[in-house]
Each structure stands twice: as C-alpha cells, then as structure tokens.
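What follows is one structure encoded as structure tokens, with my remarks underneath.
In each ligand, atom 1 is the first atom listed, and ligand 1 is the first ligand listed.
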Amino acid sequence: MKRKIYYQDLGLVNTSDMFRQAMQDGYAVPAYNFNNMEQLQGIITGCVASLSPVILQVSGSARKYAHPALLPHLAAGAVAMAEDLGHPIPIALHLDHGNSFELCRACIESGFSSVMIDGSHLPFEENMALTRQVVDFAHDFDVTVEGELGVLAGIEDEVVAEKSHFTQPEEVEEFVGHTGVDSLAISIGTSHGAYKFKLQPGEDPPPLRFDILEDIEKRVPGFPIVLHGASAVMPAYVAMINQYGGRMDDAVGISEDQLRRATQSAVCKINIDSDGRLAMTAAIRKVLSETPGEFDPRNYLGPAREALADMVKYKNEKVLGSANRV
Ligand code: G3H
Ligand code: 13P
Ligand code: ZN
C-alpha cells in the first residue's frame, strides 16, 4: 500500500480561514492553476510579493501531467520557498474539477487540503449524493470541499459544454444544506478558456448575472461562492502572442470591472488559469522570436515565470483585492 500523506504535514492549510477572512473583508482569494515547477514558482513569487494568500489548484489532467507522486513535494516546496522569500503566506493545494469520489480520495490521501467535486453535469439528486459522499470523507481529514451547481460553457477538464446553464438559485439552499460543502461554484456568465464569448465587431461581452448571485446570497447568507472561468484574457498578452507569431484571433475574457464587483460580494475564490497560460506563452514567443538560436529552456522559461509572477501580483493588487492580507 502506498504511503499516505496529509496536508497538515506539508505546511498547507485548508480554505476555511481564507474564505472567512475574504468574506469579512470583501476580497477574493486567488486560485491559480499550475502544471509544472515554473508555474508554481511564478505564482508563489507573485503572491509573496503582494502578500496574498493563495490556492494552488491542479486539475485531474494536470495531476497526471505533473505526476501524482511529485505533487505533494512540489506543494511542500512552495511552502518552503515562500518562507525563504521572507514572507510565509497561507497556501492551499486544491483539486480543480474533480470528477469522481476515487480521484478526490486519492488527492486527500496524497496531500491536498481542499478538493472540488464537480457533479454539475449530473442530475441534481445525483450531484448531491456524490458531493455528500466526498464531503463525508474529506471532513474526516479536515479537508474542505467545493461543489458546483450550474454549467459553464467551455472546457471543464476534458468535458466540453457548448452552452452554459445558469445556476438556479432555488436549488442552492437544499444543495448546501444536504451536502455540507464548504463553498459552491456557480454559473453566472463566466466561461472557461481564452475564447469566452463570440462577439460581433465593436460588441462588448455580456455582463455577468449579478442578479442571480444576489438571489443566491439571500438564500445562503455568508456562504462562500466561487467563480470559475474568470480570466480577463488580458489583451496585452494576446497582442504580444499575435505580434510574435501566434494566432489568437477573437480571444476575449471577463472585464476587470466585473471581477472587482464580484469580489465585493459572497464570491471568495476566483479561478484563473488562462491568464497565466497567456502570460507565459507571450513571454516564450517573444524570446524565441527575437533569439531564434535560443535552446536553453532557462532562457525562455525564466522570462515566462517572471511574466506569470508579474501577472499574479497585478491581479492580486488591482483586481481581486487579496494583496496585503497576510
Ligand atoms: O477549468 C479547467 C482548468 O483551466 C484546467 O484545465 O484540464 O486543461 O488542466 P486543464
Ligand atoms: P479560466 O479559463 O477563465 O482561466 O478559468 C479557469 C478555471 O475556472 C479553472 O477551474
Ligand atoms: Zn473551472
């Protein structure tokens, strides 16, 4: 039998205190996706520089990519790195879009402090039963659990939804009460990936459905809400990618003003993957285009890591309000 590893021994924390503080002080904790060491280093550098708590999140496919046995050690390394940079910050390791009880259990038994069980594609009763099963197991280890109601358009870890289905507020109270989840991801118009909306020339992205969010807040007051698919698809990085040989026509995301407004609500966690991918890709393309003879990975992954750290610091300070909270 494989040796089990629990997050308390890695210096990680679960999301309970993070969300309590974010709810009380009106900001959102950033949840940045990572797959490799440079992404992890960039995220930690940006969060330490801005004195922000952070949720490091890993999808099922990212876990396979990085290797499940390596991940707890990477996370423990992130804790040590933050301390070494002079500012320990609260760090959670979270499974993003877990799609089965077995995957959640494997993560809980290998150092994750928080898991998402995404039963959003299932009928309501089945979603509740699966989520409850994960909560019952996770809470025995003091691991926090995120559930989801409503479906986002775009790719959710190998599952592609053509159309979004907004969360139905009338389902939320029963779901939260019955499952015992610690936070809930909802669908109010965000979507995954770098192509969130198909717009006509000159057309603005549709606003988020804050009316649905407000209805949910009334039904479960003080309960932590999560926004997925919340990258801004920062135009400067898209332009840089296109300038240096890439092709990302029509990439568009959620406006920063909409995200700032969300941080003032019960939204306590905001998920960002695409913006990190864009920042790194832009930096790598620039180096390789300007110095075609370059072949030392440090000389393109290094700038990519720096670009990610800058993006993370900017996001924490100017959009999420999570800076200077540690
Ligand atoms: O919501 C999904 C995340 O962006 C992770 O995507 O499955 O490609 O790692 P991934
Ligand atoms: P983005 O694609 O908008 O970055 O969303 C990421 C996400 O929701 C991860 O779960
Ligand atoms: Zn997501």
Original post:
Between H228 and ligand 1, which part of the residue brings a heavy atom under 4.0 Å of the ligand: side chain, backbone, both or neither?
Top reply: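 The answer is neither.
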
Subject >> Proximity of N271 to ligand 1 by residue part, where a heavy atom lies under 4.0 Å >> reply: neither

Original post:
Does the side chain of V54 reach to within under 4.5 Å of the side chain of Y32, using non-hydrogen atoms?
Top reply: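 Yes, their side chains come closer than 4.5 Å.
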
Numbered atoms and elements of ligand 1 in range of [X], under 4.0 angstrom, heavy atoms:
{"X": "H97", "result": "1 (O), 2 (C)"}
{"X": "D273", "result": "3 (C), 4 (O), 5 (C), 6 (O)"}
{"X": "S61", "result": "7 (O), 9 (O), 10 (P)"}
{"X": "S59", "result": "5 (C), 7 (O), 9 (O), 10 (P)"}
{"X": "H192", "result": "1 (O)"}
{"X": "N33", "result": "3 (C), 5 (C)"}

Original post:
Below 6.0 angstrom between ring centroids: does that apply to Y7 and F112?
Top reply: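 That pair fails the under 6.0 Å test.
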
Does ligand 2 have any N/O atom under 3.5 Å from a protein N/O, and what are those pairs and their distances?
| from | atom 1 | to | atom 2 | distance (Å) |
| --- | --- | --- | --- | --- |
| ligand 2 | 2 (O) | G193 | N | 2.8 |
| ligand 2 | 2 (O) | S274 | OG | 2.7 |
| ligand 2 | 3 (O) | K196 | NZ | 2.5 |
| ligand 2 | 3 (O) | A230 | N | 3.2 |
| ligand 2 | 3 (O) | S231 | N | 3.0 |
| ligand 2 | 4 (O) | S231 | OG | 2.6 |
| ligand 2 | 4 (O) | D273 | N | 2.7 |
| ligand 2 | 4 (O) | S274 | N | 2.7 |
| ligand 2 | 5 (O) | G229 | N | 3.3 |
| ligand 2 | 8 (O) | H192 | NE2 | 3.0 |
| ligand 2 | 8 (O) | H228 | ND1 | 3.4 |
| ligand 2 | 8 (O) | G229 | N | 2.7 |
| ligand 2 | 10 (O) | D96 | OD1 | 3.0 |
| ligand 2 | 10 (O) | D96 | OD2 | 2.6 |
| ligand 2 | 10 (O) | H97 | NE2 | 3.2 |
| ligand 2 | 10 (O) | H228 | ND1 | 3.1 |
| ligand 2 | 10 (O) | N271 | ND2 | 3.1 |

Hey, are [X] and [Y] close enough for a salt bridge, meaning a charged N less than 4.0 Å from a carboxylate O?
{"X": "E317", "Y": "K313", "value": "yes"}
{"X": "D273", "Y": "R277", "value": "yes"}
{"X": "D275", "Y": "K315", "value": "yes"}

Original post:
Relative to the Zn ion (ligand 3), which of the N, O or S atoms in H228 is the closest?
Top reply: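 For H228, the N/O/S atom sitting closest to the Zn ion (ligand 3) is ND1.
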
Original post:
Does ligand 1 have an atom that lies less than 4.0 angstrom from a heavy atom of R277?
Top reply: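 Yes, R277 has heavy atoms under 4.0 Å from ligand 1.
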
Original post:
Does atom OH of Y65 have more than 12 heavy-atom neighbours from other groups under 6.0 Å away?
Top reply: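 At most 12 heavy atoms, drawn from other residues, nucleotides or ligands, come within 6.0 Å of this atom.
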
**OP:** Determine whether the side chains of D118 and N99 contain a donor N or O and an acceptor N or O closer than 3.5 Å.
**Re:**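 No, no side-chain donor-acceptor pair sits under 3.5 Å.
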
Original post:
So, R260 side chain and K318 main chain: donor-acceptor pair closer than 3.5 Å or not?
Top reply: yes

Original post:
Are the side chain of S265 and the backbone of A262 linked by a donor-acceptor contact shorter than 3.5 Å?
Top reply: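 Answer holds: yes.
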
Subject >> H228: which of H97, E148, K269 passes side chain to side chain donor-acceptor pair (under 3.5 Å) >> reply: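 One option only clears the test, and that one is H97.
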
Subject >> Pairs satisfying side chain to side chain donor-acceptor pair (under 3.5 Å), at least one member in residues 300-311, at least two apart >> reply: Q41-R305

